[in-house]
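A, B, ... follow the sequence lines: proteins, then strands. Residue 1 opens every chain. Hydrogens, waters and symmetry mates play no part in the numbers below; they use all other heavy atoms, side chains included. Just so we're clear, the structure is a prediction, and the values are computed from it rather than from any experiment.
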Number of protein chains: 2
Amino acid sequence: MDNLIGIKQIAKLANVSIGTVDRVLHNRPGVSKATRDKIETIIKETGYKKNTVASRLNLAGRKKLKIAVLIPEVSSNWSYWNLPKKGIEKAVEELSEMGILVSYYYFTDPFSFIKMGDAILNKKYDAVVTVPFFMVESNNLLSKAKRDNIPIVFLDTEVKLDYPSFFIRQDSNLAGRVAGRLLHGLVGNDGLYFVVNIVTERGLHANNQQRENGFREFFRTNFKDSKISIMTINHPVDRPFEINSEIESWFKDERPKGIFVTNARSYLIPDILKAHSVSNVSVVGFDLHEDNIKCLRNKEIDFLINQKPEFQGYTAIKGMFKFLTEQDSSDLNMDVPVEIIVQENCNLI
Amino acid sequence: MDNLIGIKQIAKLANVSIGTVDRVLHNRPGVSKATRDKIETIIKETGYKKNTVASRLNLAGRKKLKIAVLIPEVSSNWSYWNLPKKGIEKAVEELSEMGILVSYYYFTDPFSFIKMGDAILNKKYDAVVTVPFFMVESNNLLSKAKRDNIPIVFLDTEVKLDYPSFFIRQDSNLAGRVAGRLLHGLVGNDGLYFVVNIVTERGLHANNQQRENGFREFFRTNFKDSKISIMTINHPVDRPFEINSEIESWFKDERPKGIFVTNARSYLIPDILKAHSVSNVSVVGFDLHEDNIKCLRNKEIDFLINQKPEFQGYTAIKGMFKFLTEQDSSDLNMDVPVEIIVQENCNLI
DNA sequence: CTGAAAGCGCTTACAG
DNA sequence: CTGAAAGCGCTTACAG
């Protein structure tokens, strides 16, 4: 920028060399209090702002910013966790000339989460991007990172943290309320609603619980008299899905008019309904899983809510880069939009 | 980047100076065919890619990229056209260190569009961002820009162009189909549907016509027997709105169950309905106009479709910058997502 | 505690 | 037709 102040101008104004200005800017030792004060005053007065482009051009070769990404291991053929990764890779591509290096680590359970977290901290990364599936272990990682002064941004899930940190994720309660709005629009006041939680061996995911809460909140606030039943399917990730007696019992009494599935496995619902000859049911689920999209096209699912996982990954890297280079954390605390998907706008997302 | 090839390495491999490499890279004259060929081969073999950051650091001071933005004049207090501007300003902010200069020009009619277009071309901008409201005049601008080798990206509206160019806008036909899907979900097969075109003195906007077409297409394809009436309101922009006899006649026969307004002025509908004691009508409209949002909150409008105008402006500038600096036009042809808004997710957008 | 020099990768006059 | 030098704004050894 021609009309903006640079370190050269600062140096001239302070009657020092640019090296000394640089020391002050980076809080490096070896400057007398007097010169430091003088330079700091001038920096403030002139509103000097570092040229990040020039700074990174210089550093790109010798001192890349190293970011560790610790996410759940990709399990099945379609995996949700490939999506944030895609966004991360896009961000890395865009920042490649600025000197950035992203390494991936994977966890499957609390134990591997801690193990990988420790490995990351030992390798002295500049920042960490991770997913707080496990509350205790996430707090453990956070406190260690705090000690080493390494910033963390948490994606996907919100948990209670002992220290403030960064979050990029959807407000799951809000997403549940949106689901309520959508499903009520289709079903109206008179029908019975099912909330279906599909639970893996790890138990009910925090997001799912919050979505259920939001859904119920929507009806409590707007349509008090609607009937809602909470149903649970226990379905370990890697075992084939079976309609068990518990599911059979869903349809003993009244039949549902609307079903809200609190996670990505809403594609299981149509077969359950068919098996019990239940028709005319509206379904709202989550995530652009390929099977969900198929159901959307078949009209077996009416709405999907998208968490914009690519966007989450992209924003995490771009935001962290901005934070590391400009101390600007404004992109690191974000409620991702609750994106509503129907058959027609599905391809454009 | 340390492991990537730079001009220095190219120069060494070709036994020339970096100046000569630079001449070849920029297709500047003054290089013998032999050296040019040799260097070009090496560039291809090594997969050399210019470091845009270094390049722009160099040029930011002396040769900023100048982009002209030619958009409709902001008319009322709330103006749609402030939104793309917001996105443009965000992009400019992000690119400030890379040397960019954006100037705004405004038009109100075909005449001022041409006038401003000529003014822009005379000032030798590097690129133009504009809105093709007027087909003939837009093509006129495009052909002149083609002559001067200045790229144009068109926002908001798609028109038939004589030459290929760049477009960033929503697929309005698709948006109409989405509206059909949403409204049918609320109303079902039995009700009467109104499509309401609210027309200014400039006539029906191309987007509105395409949205109407898409809406009808949705029903023609999926629910053939639904009854749809097309209604028109003539309402010059700066005159107060009045319920005239034409509107009165809407309700002579059957009353509508669903209303689709093809532009941002869906907030006019609730008063019309109240005046005729018509209730239980679902309404879908466009754009996050403050009055629309109010209606969404009051439950007088059920869905709004957003065209992401900020995003359009942002993408236009970022995409054009990428095109000018890296000859990569991949972000300059874009179908903006059809974003579905309900009361609950309205604030997050 | 401070300064002068070299360099990040590219671009531009200028000299020959 | 080609090269050598200066510079974009910042950062880093190195010298004193």
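Residue contacts for B:Ile18: at a heavy-atom cut-off of 4.0 Å it reaches a base atom on one of the strands shown. At the heavy-atom level, A:Arg56 lies nowhere under 4.0 Å from the strands shown. When heavy atoms are screened at a 4.0 angstrom cut-off, A:Val16 is found touching the sugar-phosphate backbone but no base atom. Residue contacts shown for B:Gly30 include a base, since a base heavy atom lies under 4.0 Å away.
Atoms NZ (B:Lys8) and C1' (C:dC10) sit 11 Å apart, rounded to a whole Å. Between A:Leu59 atom CG and D:dG9 atom P there is a gap of 17 Å when expressed in whole angstrom units. B:Arg28 has its CZ atom 10 Å from the P atom of C:dA13, to the nearest Å. Taking atom CZ on B:Arg36 and atom P on D:dC1, their separation rounds to 9 Å, with Å as the unit. In this structure, B:Gln9 places its CD atom 9 Å from P of C:dC8, rounding to the nearest Å. Regarding B:Tyr48, its OH atom lies at a distance of 7 Å from the C1' atom of C:dG9, rounded to whole Å. Atom P of nucleotide D:dC1 and atom CG of B:Asp22 are separated by 17 Å, given to the nearest angstrom.
Look at the P atom in both D:dG9 and C:dT2: the space between them is 25 Å, to the nearest Å. Of the P atoms belonging to D:dG7 and C:dA4, the separation is 16 Å, rounded to the nearest Å.
A close approach under 4.0 Å does not occur between any side-chain nitrogen or oxygen of A:Ser55 and OP1 or OP2 of D:dC10. Residue B:Arg23 places none of its side-chain N or O atoms closer than 4.0 Å to OP1 or OP2 of C:dT11.
Between B:Arg169 and B:Asp335 there is a salt bridge, with a side-chain nitrogen of the basic residue lying less than 4.0 Å from a carboxylate oxygen of the acidic one.
Using modelled atom types, one finds no donor on one side chain facing an acceptor on the other under 3.5 Å when comparing B:Thr52 with B:Ser55.
Along DNA chain C, the nucleotide nearest to A:Thr20 and the one nearest to B:His26 differ in position, and the one closer to the 5' end is contacted by A:Thr20. Each of B:Ile7 and A:Thr35 was matched to the nucleotide of DNA chain C holding its nearest heavy atom; the match closer to the 5' end belongs to A:Thr35.
Shortest non-hydrogen contact noted between B:Pro72 and B:Val131 is CD-CG2, 4.0 Å. In this structure, A:Ser330 and A:Lys322 approach most closely via the heavy-atom pair OG-NZ, 4.1 Å.
Taking OG1 of A:Thr157 as the reference point, atom CD of A:Gln307 lies at 8.0 Å (rounded to 0.5 Å). A distance of 9.5 Å separates CD of A:Glu339 from CZ of A:Phe311, quoted to the nearest 0.5 Å.
No cation-pi contact links A:Lys115 to A:Phe107, judged by a cut-off of 6.0 Å to the six-membered ring centre and 45° from its axis.
Counting only Watson-Crick or G-U wobble pairs whose defining distances are both under 3.5 Å, the stems of 3 or more consecutive pairs in DNA chain D are C:1-3 with D:14-16, C:5-12 with D:5-12, C:14-16 with D:1-3.
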